[in-house]
Amino acid sequence: MAVDHNKKDMDIDNKGEEEQKGKPVMVILVGAPGSGKSTFCERVMGSSLRPWTRICQDTINNGKAGTKPQCLKRAAAALKEGKSVFIDRCNLDKEQRSDFVKLGCGAQVDAHAVVLDLPAKLCISRSIKRTGHEGNLQGGKAAAVVNRMLQKKELPKLNEGFARIVFCHNENDVEATITAYTALGPLDTLSNGCFGQKNPDAKIQLGIMKFLKKVEAPFQCAASKEVKESENLAKGSVDADVSVDEITTLAFPSISTADFQFNNETASDIIVEKVEEFVNKLKNARLVLVDLRGLRCNVIANAANWRLKPGGGGVNAAIFTAAGLALETATKERANSLLPGHAVVVPLPSDSPLYTREGVSHVIHVLGPNMNPQRPNSLNNDYNKGCSILREAYTSLFTGFLSILRSRSKLPRRISEKLALTPLDLKDPSLDPRNHLTNSDQKIKRDDGCVYERSKKCKGANDETVADISAPSSTYGKVTGDKSKLEGPTSKTWGSWAQALYHIAMHPEKHKAELLEVLDDVLVLNDLYPKACKHLLVLARHEGLDGLADVHQEHLQLLMTMHAVGLKWAEKLLHEDSSMVFRLGYHLAPSMRQLHLHVISQDFNSNHLKNKKHWNSFNTAFFRDSVDVIEEIKNHGKATIKDEDFQLSMELRCHRCRSAHPNIPRLKSHISICQAPFPHALLENGHLVLALKT
DNA sequence: GTTCTAGAAC
DNA sequence: GTTCTAGAAC
């Protein structure tokens with residue numbers, strides 16, 4: 001310990017000289033918001049024998065935040081009165097400090113610096129907590145501000161005019177320094193010099209690498225380390241963990257500043273600007289710029305490369321490694337490449353280690369501008385373009401996060417439970433307040449290894465485990481026995497308006513005028529509210545098939561018939577207009593009862609396409625391509641019915657170029673002119689039906 | 001699934 | 001002021 005507060009000998013040595021006239025000191029505190037500056041002052045002033053004045057910029061203006069000149073004026077007055085002063089403001093760069101140091105010289109007073117160089121994580125946690133609304137918007141903002149400040153920090157040096165500088169890197173250092181200043185009587189002095197400094201030019205490490213590293217280690221170790229680390233937090237680790245589970249948290253790295261060599265300061269400004277723009281929309285969620293080991297989050301932003309492939313830069317490689325092959329596969333399903341300024345939300349499959357161990361539910365890949373001439377598509381220092389792309393990148397990122405939040409608020413409770421079911425919770429379930437409500441539920445699941453039927457109120461919430469009803473026969477019998485006529489095989493309650501297709505399928509003879517084709521197993525008709533120029537339905541005639549959830553191995557032939565008939569009609573329509581492109585598929589959770597295959601042209605030019613749900617039901621994972629469903633039934637005997645309801649409220653993206661658009665009218669005007677080729681995932685494996693080139 | 005409409009967003 | 005969304009009712 002370099003702090004020399006116990007060197008009584010020295011104090012005694014100096015006493016003779018100093019006894020004549022006690023000399024005030026000016027202590028300039030240096031530290032980010034949340035580093036503990038005010039606490040430091042209060043602790044010293046609480047039991048010091050020396051007269052102190054604390055000059056706090058946050059409260060100098062009648063309890064409100066004031067200016068630097070106000071602080072200087074007040075400090076000068078206090079020193080003149082012979083009081084020692086604390087300068088309680090961040091003072092993180094030389095320029096901010098210099099006027100105060102000069103003040104000290106003018107007043108013949110020694111200037112000291114006490115640097116509270118504590119881990120960013122600690123500062124941010126405290127600074128979030130201080131707002132009184134932990135985890136809310138203020139929190140996100142505070143995190144970004146603290147991070148920016150720490151990026152810009154400039155540690156004090158003796159040559160700035162300080163007589164004494166003490167660096168505190170942890171709570172023990174802080175305690176020792178508080179003791180030293182508390183013990184500093186009116187006539188005492190502390191020795192001059194620089195104490196406790198370690199690797200002077202070290203920059204704050206902006207790395208998600210460390211944050212993710214614990215994924216590789218056994219979780220218990222990581223968890224206990226985390227607890228140990230956060231013991232120093234005033235609030236304690238228990239609260240911190242609980243709150244993280246309850247607050248949807250996006251951890252994001254600084255985009256483009258590493259490999260892509262974007263100027264750090266400009267990038268920080270853009271981060272703050274964009275975070276400020278979005279915090280108000282986030283309501284009960286949190287944004288955290290990552291430099292935070294042990295912080296648990298539900299959504300991670302990845303500073304991706306344009307190919308959306310693993311490898312390359314540190315953050316990208318780390319995330320792909322931690323999330324396993326599942327992330328690669330899931331990413332490929334959504335996009336094959338990314339344009340600078342864009343982002344793509346990828347829900348993590350439930351078998352990804354990042355999901356099972358860390359509860360991370362989504363990765364948002366985001367691509368920033370490239371300023372690195374060593375890499376392809378460098379912007380050659382064009383910061384006009386660079387800044388605008390970087391802004392777009394953050395906008396896309398936060399918009400994506402927002403879409404996750406919106407969908408999450410609609411998810412049934414069961415899903416959020418699943419997200420929260422991390423090993424830490426299992427270790428001590430009492431730490432989690434939700435467990436008072438849900439513990440018994442979870443016990444049942446674990447004890448008998450089967451999953452009960454979902455609540456009928458959870459509309460469309462058939463996740464894969466739930467759809468697979470393996471409940472005891474009594475439960476099953478009750479459901480089937482008491483079923484009303486409005487209920488289908490999956491026990492979803494269908495409103496009267498949702499029965500139209502079912503009635504047609506059961507009584508085609510009453511609907512002759514509406515039918516394009518009548519076959520033994522299927523009917524073909526125009527969708528009553530087409531969402532594109534051409535939009536047909538191939539309707540199964542079998543009773544008991546309400547949607548994909550009811551489809552099993554035995555229906556494989558039917559699915560193939562439906563596909564063949566759909567294909568036939570698509571080709572027929574292509575013959576009339578060869579510029580059309582068709583896609584064939586099912587809605588994961590259809591609104592209308594009775595299994596039906598959509599055959600829809602990809603122009604989406606229709607007045608009936610009016611809202612986000614319409615668009616997303618045909619352009620996200622909510623739309624299951626017929627060819628994929630058939631493959632799945634072949635291989636697994638049933639279709640995966642994941643909870644893809646959130647897809648319906650996802651941001652609006654062009655199905656061709658994947659650009660994001662703020663609302664339906666803007667999206668529609670874009671798709672009316674977008675000529676970009678379709679994404680590879682659609683062009684491959686017969687997902688799209690196009691005219692043969694002749 | 002649509003329609004209607006309050007109120008949010010612009 | 002107008003535009004747009006999202007929730008309730010059907």
Side-chain angles (χ1 to χ4, degrees), chain A residues 137 274 276-285 395 398-412 456-462 484-488 490 492-506 511 514-515 523-532 534-540 545-549 585-600 604 606-620 622-624 644-654 660-672:
Chain A
L137 337 169
K274 282 292 158 186
E276 282 177 351
E277 179 185 329
F278 274 86
V279 284
N280 295 326
K281 300 179 185 168
L282 295 174
K283 300 201 173 107
N284 208 10
T395 302
F398 296 145
T399 307
F401 181 51
L402 217 50
S403 73
I404 295 170
L405 287 179
R406 288 188 180 136
S407 62
R408 182 157 295 186
S409 63
K410 287 176 201 150
L411 282 181
K456 286 169 196 162
K457 280 171 195 157
C458 298
K459 179 176 168 287
N462 350 9
S484 93
K485 215 190 163 190
L486 295 182
E487 285 181 14
T490 38
K492 172 173 173 169
T493 311
W494 301 94
S496 58
W497 47 263
Q499 308 279 349
L501 292 176
Y502 173 76
H503 290 313
I504 295 172
M506 294 305 116
H511 300 271
E514 300 150 53
L515 296 172
L523 305 170
V524 182
L525 65 156
N526 276 309
D527 192 296
L528 187 57
Y529 299 95
K531 303 300 184 292
K534 295 292 175 190
H535 183 182
L536 312 185
L537 302 177
V538 178
L539 185 62
L545 285 182
D546 283 344
L548 278 186
Y586 300 87
H587 282 161
L588 211 40
S591 302
M592 303 290 279
R593 184 180 178 189
Q594 193 68 13
L595 185 69
H596 53 282
L597 172 70
H598 292 270
V599 178
I600 186 163
F604 295 106
S606 163
N607 290 333
H608 296 290
L609 200 161
K610 291 174 176 167
N611 59 44
K612 205 173 231 186
K613 186 174 173 179
H614 291 154
W615 176 259
N616 283 337
S617 71
F618 290 100
N619 291 289
T620 64
F622 190 87
F623 188 83
R624 294 293 318 274
E644 301 284 1
D645 259 20
F646 72 91
Q647 299 278 2
L648 295 178
S649 49
M650 291 263 272
E651 58 183 349
L652 298 165
R653 280 191 178 274
C654 172
H661 299 269
N663 55 47
I664 287 289
R666 298 265 284 274
L667 172 78
K668 289 181 86 172
S669 68
H670 168 81
I671 58 171
S672 70

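A note on names: the letters A, B, ... follow the listed sequences, proteins ahead of strands, and every chain is numbered from 1.
- The nucleotide whose nearest atom lies closest to any side-chain atom of Pro665(A) is, among dT2(B), dG1(B), dT5(C), dT5(C).
- Within 4.0 Å (heavy atoms only), Leu501(A) reaches no atom of the nucleic acid at all.
- Under 4.0 angstrom from either OP1 or OP2 of dT3(B) there lies at least one side-chain N or O belonging to Lys610(A).
- Outside the 6.0 Å centre-distance limit, the rings of His598(A) and Tyr586(A) are not counted as a close aromatic pair.
- Using a distance-only test at 3.5 Å, with no hydrogens or angles considered, no donor-acceptor pair links the side chain of Asp527(A) to the main chain of Leu537(A).
- With rounding to whole Å, Leu609(A) atom CG is found 14 Å from dC4(C) atom P.
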*Given the rule in the ring-ring contact (aromatic ring centres under 6.0 Å, His included) test, do Phe604(A) and His535(A) qualify, once you have shown the distances and angles that lead to the verdict?*
CA-CA 9 Å; Phe604(A) 295 106; His535(A) 183 182; 8.7 Å; no

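- Contact check, His587(A) against dG1(B): a side-chain N or O comes under 4.0 Å of OP1 or OP2.
- In this model, the phosphate group of dG1(B) is not approached by any side-chain N or O of His608(A) to a distance below 4.0 Å at OP1 or OP2.
- Across the protein-nucleic acid pair, Leu539(A) atom CG and dG1(B) atom C1' stand 14 Å apart, rounded to whole Å.
- In this structure, Lys612(A) places its NZ atom 13 Å from C1' of dA9(B), rounding to the nearest Å.
- Here Trp497(A) counts as stacked on dG1(B): its ring centre is under 5.5 angstrom from the base ring centre and the planes meet at under 30°.
- Lys668(A) has no side-chain polar atom (N or O) that falls below the 4.0 Å cut-off from OP1 or OP2 of dC4(C).
- In this structure a side-chain-to-backbone donor-acceptor pair under 3.5 Å is missing from Lys534(A) to Ala532(A).
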